[in-house]
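Here the structure comes first, spelled out in structure tokens, and everything after it is commentary.
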Amino acid sequence: MRPANREPAPRILGCSLATFNNAMVDIIEPPHITPAENYRACILGLTGKDIRDNIQYSIEPTRNRFRAPREVTIVRDYDSFLSFTEWLPVKADLFLYPINNPVDTLHSSLHFKVPMSTRAGQPDTLLAPHRVPNICLAAVGIRTKVRLFFPRLYNVDRKDVELTFEEKKGIYEKGLLPVLRALSPDTVTNWPVNYESAQTRARKTRGLFQYSTRPFSGSRVRRLGFDLSDTLAAEFPWAEGMLFMIQMQGVKEAHQHHPGNMESAEDALKNALGDFYYAELMEEDHCYVDVGLELSEPGYAYQWRTDAHGALLREFTDISLHRSQTLLKSRETAVDYSSGLIQLSGCRIPIPPQNNECIVYFQAYTTDKALIQQKNGGRHSLFITGKAALEAEVPPYLDRLHALYFDARDNHDCAARVEVRIRLRDAWSEPLDFPLRLMKDSLCVFPRVDWWQWRLVRLTAIIRTLRFQNQGPAELRFTSTALTLTAGLTWLANGLHSRPDDGSAARDLMCAILPLTYDYDVNGIQIIPRQHHIDNNDGLPFCAHGAFFLRDMVFPPIADVPRMTRTHVISHTSYKFFFGCDFNVLRNKFHPTAYIPRSSIPKSRVKTQKGMSKRHRADNPEPSAAFANLEYEAPPPPQDIGDDLPFDERLDLPPGIDEPFAITITKHWNQFCSDVLQKCGNMKGNPLAPSHCRLSMNERLLVTEDIYKETNLAVIFYRVQWKRAHPVEWREAFDKFFPPPGTPPRMQPQNYPNMTYWMDWADMKRDKPAYIIDEIRTKYWALFKLLYWVPKPYSDRLWKYSEDSAFATLPTNYKSSAPHVITNPGKPTPTWQPAVDGAEELAGEEEEDNEAPEVLDPDYVPAGEWIDNVPPIPMRIYMRQEEEESSDSD
């Protein structure tokens, strides 16, 4: 019998992607959604559970399995080329690097091994190239790199394959320069005389390097390879057995052709390798090309089924059933789940060669990753960090990603690709086509709108949940349960378009956010630990309902900040990975008790414009009609442009000397309108409150007199004190803004001397005749009388904010400091109609002082003193079962 206080188990409803999308859209589509419905939508998007109807949706992508007939377009292409040779097989011009860029050193796996000579007089050893010290020597065009590999430097204890300074110096001074002097003495004069000089020339002002190239004629490249190999081997024992590697990448669109036609396949291959000695490379044993087949259909998204990996592998590699099953279970095989759907995924499978097999690597993937593909920090796609998720109410990256998905929904089809890395000599003979029977067994086909809508609804739930978290009180925001959910949201967002991270920290996270199972034979299990690490009480994370749905969470009104349940949180060692710092440092950074961090200051608080105001942004305004008949021909300013003077000492005529006087005065009037608002301050004593003025600084630089004709003061201010001016007071305000000639100067007031228009006005009164100044003031006064409001100008400062009983306050329920403004005596009472309602801020004085210096983060606090007492990561999640072998075996 179920306990009385426990909710009944939800009804599980199998559904297609479109059905789930529609269920989500039905909730979020109404224009005025209630908070309760908003929370319901977030829970549905993240957990797949509709809490109102008590339904657990189970996504079944195979409802969209491939069904013939369909208008499938199949294209064959060559995507990349790799070769390891003892000679340099390039016949095109070479662009040599005097200083190599470490980014171009091979660090990532090529998924096959090459026999290399690691010891003199001993048989060659099969090595993974990315574990062998190497350097990028040159480029061929923009898609091809030439590298040198030094297997005699290979050592399992060597920490990095990047060559040392001394090794690079030796290659440059004892190898490359002598060979260039012998082969191309006419060009070697452009090369620095030693490696230190090359570094000096390449080093930029901030210590970075400019990795430029020097051209070398293609007619002598082959000789360069032989001479460089011999010269280095004679100088350095570690250079013996050196190999040249050619890597050409990302050229598939340039070499597409129809499948099934061996002649066109061979022609395309020759064209792709036009910069190399094609015929001789055909005889080499360690030259490979990636051959691809791409399937697509307008208006649809093609996706690979997870249960079809074995069939795809056997079809395109001709390996046995038993061996394909072994390879699929190998620790080297990677399964790339698509958009967080467990039944849809690509795969990457290295194939150790047996019996002179020609294929060494197989992969299946889809082209929807092209929209977010970017190499950055070891990743191959865009991503968001936990730190970025905390720094804004809605991280800008997620907004941009949402816009990208939204545009893709109407414009971006998704193709399915298979690629094999095959020996060059066999590349044009197989694979040549994709059989229809295999399409039926291996593909799911979704309308393009449904595919991208799935990502949109999940991303919408992620964005809204993050917003609810970041809007909540800091006391609840920075707890282990809330931060665990935040880390889970970033993990989900990144997994929508790339392979979900499954490192140690990510596995710790999966144990905290995903449902757990105690049945280790269930499908969808995400962590398979070593057997001796399994405990009977250990639950393992798995995908229970066809997607990466999270376990139950706590949402408002139960908790003001959405969070995971208390029973499962990430360990203290995982905070560094997701948020860049430890838990206590993170909490004290965003929610300190001793100071207010700058990250907490809202964007609605505009930094006060200290010093001189900025120029109005309208550089070439149309002259105001009020100044149309205003003319004045200024006497020419002094100049001295004698040829005997250095250029920088000549006194030229200032720019704009021929500018019509009406435009000059229009600019000055606009500058007045801008300067007044630039100097509107902030609340002192409450740095979390928005500025008094709603306008951003950029908007203040663009304002015109129209802003002072606005009767709804809520458009301009968050809070304001106002009163209707007496006609005399209105005139006195004008005289303070534009003092007439002969006005005695004041003791230095605040604001006025730092306003550009004020200083320009003083210059005009000094340089121009009195009658012109009187005429300008007459025009300004005519415009001033048309304004609805202006700040109440005081003799000692422009803006005041202290409470004053002579002023009325808007909004009416606000009683504290706010800027003083006066309204035109001939105009009606101002209105207050905010575009959005916002909570009123705490009272404080106006900000006139310089901002306080930023407070540094507190020192690190040992884990033993942490208040949350979070546990360490259990050993069971550090390694998958297939990782038991030592990586040294590579």
Side-chain angles (χ1 to χ4, degrees), residues 7 10 13 15 17-57 59 340 384 386 388-403 405-406 409 452-479 481-493 496 513 545 547-565 602-604 834-839:
E7 294 289 333
L13 178 64
C15 68
L17 237 57
T19 300
F20 183 85
N21 294 344
N22 292 337
M24 180 77 172
V25 171
D26 288 344
I27 301 175
I28 64 177
E29 196 171 34
H32 303 292
I33 184 173
T34 65
E37 288 294 275
N38 222 337
Y39 304 144
R40 175 189 169 207
C42 291
I43 293 172
L44 175 60
L46 297 177
T47 70
K49 184 183 297 183
D50 188 334
I51 58 174
R52 189 193 68 181
D53 299 335
N54 200 29
I55 294 175
Q56 173 66 62
Y57 288 95
I59 309 299
I384 183 174
L390 298 174
E391 291 178 341
E393 190 172 289
V394 176
Y397 164 80
L398 293 184
D399 277 338
R400 294 193 298 268
L401 188 63
H402 188 278
Y405 287 168
F406 189 86
R409 185 178 62 174
W452 291 106
Q453 187 71 29
W454 160 256
R455 293 194 184 186
L456 279 169
V457 298
R458 299 218 75 190
L459 186 59
T460 298
I462 292 169
I463 289 174
R464 294 190 179 194
T465 303
L466 266 180
R467 181 188 291 119
F468 293 143
Q469 285 196 311
N470 291 334
Q471 288 175 340
E475 295 87 346
L476 299 178
R477 178 68 182 95
F478 294 96
T479 61
T481 50
L483 291 172
T484 296
L485 176 56
T486 303
L489 294 176
T490 62
W491 183 80
L492 273 184
L496 287 176
I513 65 173
H545 301 289
F548 284 102
F549 284 138
L550 305 188
R551 68 172 63 174
D552 290 341
M553 296 168 288
V554 181
F555 264 76
I558 299 174
D560 289 341
V561 172
R563 61 175 175 82
M564 301 303 299
T565 57
K603 291 185 177 180
S604 57
V836 293
D837 294 331

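Position 1 is the first residue of the sequence, and the numbers go up from there. Hydrogens, waters and symmetry mates play no part in the numbers below; they use all other heavy atoms, side chains included. Note that the coordinates shown come from a computational prediction; the quantities given were computed from them, not determined experimentally.
Ring geometry, F20 versus F549: the interplanar angle falls from 30° to 60°, so the pair is classed tilted. Aromatic ring orientation, W491 versus F548: perpendicular (interplanar angle above 60°, classes split at 30° and 60°).
Using a 4.5 Å heavy-atom threshold, the side chains of L550 and L492 count as touching. Contact annotation: the side chain of L44 never approaches that of V457 to less than 4.5 Å [non-hydrogen atoms, C-beta and beyond]. Looking only at side-chain heavy atoms (C-beta outward), P562 and V554 stay at 4.5 Å or farther from each other. By the 4.5 Å heavy-atom criterion applied to side chains, F555 and I51 are not counted as neighbours. Between I513 and L485 there is no side-chain heavy-atom pair separated by less than 4.5 Å. The shortest distance between side-chain heavy atoms of L466 and V394 does not fall below 4.5 Å. Annotation: side chain of R458 is not in contact with side chain of M24 (no heavy-atom distance under 4.5 Å).
Listed by chain and number, the residues in a side chain to side chain donor-acceptor pair (under 3.5 Å) with T486 are Q469, R477 (sequence neighbours excluded). Among residues two or more places apart in sequence or in another chain, the side chain to side chain donor-acceptor pair (under 3.5 Å) test is passed with Q471 by E393.
For the atom pair I384 CD1 and L401 CG, the distance stands at 9.0 Å (nearest 0.5 Å). Rounded to the nearest 0.5 Å, atoms CE (M553) and OG1 (T481) are 12.5 Å apart. A distance of 6.5 Å separates CG in L390 from CG in L483, rounded to the nearest 0.5 Å. Atoms CG and CD1, from N22 and I27 in turn, are 11.5 Å apart once rounded to the nearest 0.5 Å. With values rounded to the nearest 0.5 angstrom, L17 atom CG is found 10.5 Å from R455 atom CZ.
The side-chain tip of R409 points at the ring of F406 from less than 6.0 angstrom away and within 45° of straight on.
Looking at T479, its side chain does come within 3.5 Å of a backbone N or O of L476 through a donor-acceptor pair.
Closest non-hydrogen pair, I28 versus A41, comes out as CG2-CB, 3.4 Å. Nearest heavy atoms, A389 versus N470: O-ND2, 3.0 Å.
Shown are L459, L489, T460; of these, the side-chain contact (heavy atoms from CB on, under 4.5 Å) with L398 is made only by L459.
Within the structure, side-chain hydrogen bond (donor to acceptor under 3.5 Å, both in side chains) pairs that include any residue of residues 36-52 comprise E37-R40, N38-R464, R40-D50, K49-D552 (at least two apart or interchain).
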